[in-house]
J.: 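Let me give you the structure first, and then I'll get to my questions.
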Number of protein chains: 2
Amino acid sequence: MGITKTDLFSEEQNELARVAKVLSNPARVAILHHLFKANACINSDLVHELGLAQATISQHLRELKAIGLVQGTIEGVSMSYCINPVKWVEIKQLFNSLFDRFGMDEEGQCC
Amino acid sequence: MGITKTDLFSEEQNELARVAKVLSNPARVAILHHLFKANACINSDLVHELGLAQATISQHLRELKAIGLVQGTIEGVSMSYCINPVKWVEIKQLFNSLFDRFGMDEEGQCC
DNA sequence: TTCATTCATCGTAATATTGCAATGAAACAT
DNA sequence: ATGTTTCATTGCAATATTACGATGAATGAA
């Protein structure tokens, strides 16, 4: 099949999975890390920094933009990318709502 | 290709991506949600609850076990699964180390 | 023993992802 | 106008993922 069933699950579950999928590639994580350091950076910087082809970086940036995590503006002949801080907090809370479901009061295993 | 290059990235970046990939399927998120509610539950419950085939659930559980997030013990003829609280905190911190890199002091966009 | 239940694994078809070369489009300089 | 730089898009081959039926191993009941 290769197709994920989404109709069986809640909107929160699907949204969390969708965002996790974007974070599930080390190149995209590295792009985010690089954007943190630079606070804004252009595509060619990333190509030089990550060692992947320009087309590959561009494709990863598109996926980061697709969920609104990264935004880019035209800067003359080049492109300037940065994190969308509003979306960042939103996603952070989405993950925290998962992580905080499991209370850490219970130290022992249940099984 | 279809193969992810990992040699270009740091261990932290690869690890985060690896865990995110496990969370990138809504069925696996739903399994975690269900484990939270029950604190322990068996496979057949999940099959009934999620509406996926038994083989599919079993495969998802294997991936959750592969990263140590879920553990199962034999309970007679059935199986008892639960969250590994130690690994859970570890993964929570792994994600927080990503989310906390971006300070929320800057409200405006950079570009 | 024989049967039913539970769950893992195998095999498979459909689809998705990854990375790249090639090609385009846009902005700018000469 | 011509060339250059920057980045997006397209097309492709290799591989991964997803879901499921079928099968098998293990446990316990009759």
Side-chain angles (χ1 to χ4, degrees), chain A residues 1-9 13-14 17-31 34-35 40-67 70-82 111, chain B residues 1-9 13-14 17-31 34-35 40-67 70-82 111:
Chain A
M1 299 220 160
I3 192 166
T4 303
K5 286 193 172 181
T6 57
D7 53 305
L8 296 173
F9 310 106
Q13 288 163 345
N14 284 318
R18 192 160 38 241
V19 174
K21 181 172 284 180
V22 175
L23 298 177
S24 75
N25 185 294
R28 290 193 285 269
V29 174
I31 287 174
H34 198 71
L35 285 179
C41 88
I42 60 173
N43 192 317
S44 64
D45 277 355
L46 292 167
V47 173
H48 186 264
E49 196 83 24
L50 301 189
L52 287 169
Q54 182 266 326
T56 307
I57 301 287
S58 189
Q59 188 178 323
H60 284 310
L61 281 166
R62 180 165 53 174
E63 293 183 61
L64 287 165
K65 279 190 286 186
I67 60 166
V70 163
Q71 52 197 178
T73 45
I74 301 171
E75 195 82 32
V77 78
S78 63
M79 204 74 187
S80 193
Y81 290 106
C82 69
C111 52
Chain B
M1 299 218 161
I3 193 166
T4 303
K5 286 194 171 181
T6 56
D7 53 305
L8 295 174
F9 309 107
Q13 288 164 345
N14 283 320
R18 193 159 39 239
V19 174
K21 181 172 284 180
V22 175
L23 299 177
S24 75
N25 185 294
R28 290 193 286 269
V29 174
I31 287 175
H34 198 72
L35 285 179
C41 90
I42 60 174
N43 192 319
S44 64
D45 277 356
L46 293 167
V47 172
H48 185 265
E49 197 83 24
L50 301 190
L52 288 168
Q54 183 265 324
T56 307
I57 300 287
S58 189
Q59 188 177 324
H60 283 311
L61 280 166
R62 181 166 52 174
E63 293 183 62
L64 287 164
K65 280 191 286 186
I67 60 166
V70 163
Q71 53 198 175
T73 47
I74 301 171
E75 196 81 32
V77 77
S78 63
M79 204 75 188
S80 192
Y81 290 106
C82 69
C111 50

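Sequence lines set the chain letters: A, B, ... in the order given, protein chains first and strands last, and positions in each chain run from 1.
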J.: Are the side chains of B/Phe9 and A/Leu52 in touch, meaning some heavy atoms are under 4.5 Å apart?
T.: yes

J.: How many whole angstroms separate atom NE2 of A/His48 from atom C1' of D/dC7?
T.: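 In whole Å, D/dC7 C1' and A/His48 NE2 are 17 Å from each other.
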
J.: To the nearest 0.5 angstrom, please state how far the OG1 atom of A/Thr56 sits from the CG atom of A/Leu50.
T.: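 Answer rounded to 0.5 Å: 10.5 Å.
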
J.: Using a 4.0 Å heavy-atom cut-off across all strands, classify B/Ser78 as base, sugar-phosphate, or nothing.
T.: sugar-phosphate

J.: Between C1' on D/dC20 and CG on A/Leu8, what's the gap in Å once rounded to a whole number?
T.: 13 Å

J.: Which letters describe nucleotides 12-21 of chain C, given B = protein heavy atom under 4.0 Å from base, S = only from sugar-phosphate, - = neither?
T.: -BBBSBBBBB

J.: Less than 4.5 Å apart, side chain to side chain, heavy atoms only: is that true for B/Leu46 and B/Ile31?
T.: yes

J.: Set out, line by line, the N/O atom pairs under 3.5 Å between protein and nucleotides 23-29 of chain D.
T.:
none

J.: Can a donor-acceptor pair be found, under 3.5 Å and without considering hydrogens, that links the side chain of A/Arg28 to the backbone of A/Val22?
T.: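 Yes: the side chain of A/Arg28 pairs with the backbone of A/Val22.
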
J.: Apply salt bridge (charged side-chain N to carboxylate O under 4.0 Å, His left out) to B/Arg18 and list each qualifying residue two or more places apart in sequence or on a separate chain.
T.: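 Scan of B/Arg18 (salt bridge (charged side-chain N to carboxylate O under 4.0 Å, His left out), adjacent residues dropped) gives B/Glu11, B/Glu15.
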
J.: Quickly work out the A/Glu75 CD to C/dC28 C1' distance and round it to whole Å.
T.: 14 Å

J.: With side chains defined as the heavy atoms from C-beta onward, is the minimum distance between B/Val70 and B/Cys82 less than 4.5 Å?
T.: no

J.: Shortest non-hydrogen contact from B/Lys5 to A/Pro26?
T.: O-CG, 3.9 Å

J.: Nearest whole angstrom, please: distance from the P of C/dC10 to the CZ of B/Arg62.
T.: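 Those two atoms, CZ and P, are 7 Å apart.
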
J.: Quickly work out the B/Leu64 CG to D/dT17 P distance and round it to whole Å.
T.: 14 Å

J.: Taking the side chain from A/Ser58 and the backbone from A/Ala55, do they hold a donor-acceptor pair closer than 3.5 Å?
T.: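 Absent.
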
